Asks: 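Starting off with a structure, shown below.
These numbers come from a predicted model, not from an experiment. Below, chains carry the letters A, B, ... as their sequence lines are ordered, and counting in each starts from 1.
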Amino acid sequence: MGEKELRKNMSILPVSTVSKLTGLTPRQLRYYERFELVYPKRSAGNQRLYSLNDIERLLEIKDYLDSGMTMQEIRRVLSKTNAPQISNDPDSLSDTEARKIFHKEMLRVGRWENHGSNNLW
DNA sequence: CTTCTAACA
DNA sequence: TGTTAGCA
């Protein structure tokens, strides 16, 4: 697995950020998790941590729902393309390193907001 | 922030 | 069926 893919699979984004990024409410994010459309990690405080791949997934889910697709159908499609979240050891990262990565993502978020772009990665 | 149940269209 | 309000 390349370094890029590794970073995309790191779960570091809290629901508030993911909500703004995807336009989905935290409630919807929880609902989708119930249907196994996404499998975010959990922080020590039991709060969801999403990866960049999860963002892409969620955006896809949005489109699929607009297309009139069902949760079950979406789950089937997504389970083929993207296997369940794999081993991304957040514990293997030092705190400073994790903070660096998170800050980087925050900067990216700001950039998108300024450009108002929907074509993300 | 999390969980849960009940309710709506 | 997808989503939400209100609670603890």
Asks: Ignoring the backbone of A:Gln47, work out which of B:dC1, C:dT4, B:dT3 is nearest its side chain.
Replies: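 Shortest atom-to-atom distance from the side chain points to B:dC1.
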Asks: Using the side chain to side chain contact (heavy atoms under 4.5 Å, CB included) rule, take A:Tyr32 and A:Met71 through it: C-alpha gap first, then chi angles, then the decisive distance, then the call.
Replies: CA-CA 8 Å; A:Tyr32 295 162; A:Met71 299 274 201; 3.5 Å; yes
Asks: Describe the nucleic acid contact of A:Thr25 in one word from base, sugar-phosphate, nothing, applying a heavy-atom distance below 4.0 Å.
Replies: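 The residue A:Thr25 makes sugar-phosphate contact but no base contact.
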Asks: Looking at B:dC1, C:dG2, C:dT4, which one has an atom nearest to any side-chain atom of A:Val15?
Replies: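 Looking only at side-chain atoms, A:Val15 lies closest to B:dC1.
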Asks: Of the options C:dT4, B:dT3, C:dG2, whose atoms approach the side-chain atoms of A:Gln28 most closely?
Replies: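 Of the candidates, C:dT4 comes closest.
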Asks: If you look at every strand shown and take non-hydrogen atoms under 4.0 Å, does A:Arg48 touch a base, only sugar-phosphate, or nothing?
Replies: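 It contacts sugar-phosphate atoms only.
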Asks: Thinking salt bridges, do A:Arg42 and A:Glu33 make one under a 4.0 Å N-O criterion?
Replies: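 Salt bridge flag = yes for A:Glu33 with A:Arg42.
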Asks: Counting only heavy atoms not in A:Arg30, do more than 12 fall under 6.0 Å of its CZ?
Replies: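 Enclosed: over 12 neighbouring heavy atoms sit under 6.0 Å from CZ of A:Arg30.
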Asks: Nearest to the side chain of A:Arg30 - B:dT3, C:dA5, C:dG2?
Replies: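 Within the option list, the nearest is B:dT3.
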Asks: Of the options A:Leu21, A:Asn53, A:Val38, which is the one that meets A:Leu58 in a side chain to side chain contact (heavy atoms under 4.5 Å, CB included)?
Replies: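 Output: one option passes, namely A:Val38.
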Asks: Report the base-pairing partner of B:dC1 (Watson-Crick or G-U wobble, both distances below 3.5 angstrom), or none.
Replies: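 In the structure as shown, B:dC1 has no Watson-Crick or wobble partner.
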Asks: In whole angstrom, give the distance that lies between atom CG of A:Leu49 and atom P of B:dC1.
Replies: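 Nearest whole value for this atom pair: 12 Å.
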Asks: For A:Asn46 and A:Arg34, find the nucleotide of DNA chain B closest to each by heavy atoms; which residue's nucleotide sits nearer the 5' end?
Replies: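 Closest to the 5' end, via its nearest nucleotide, is A:Asn46.
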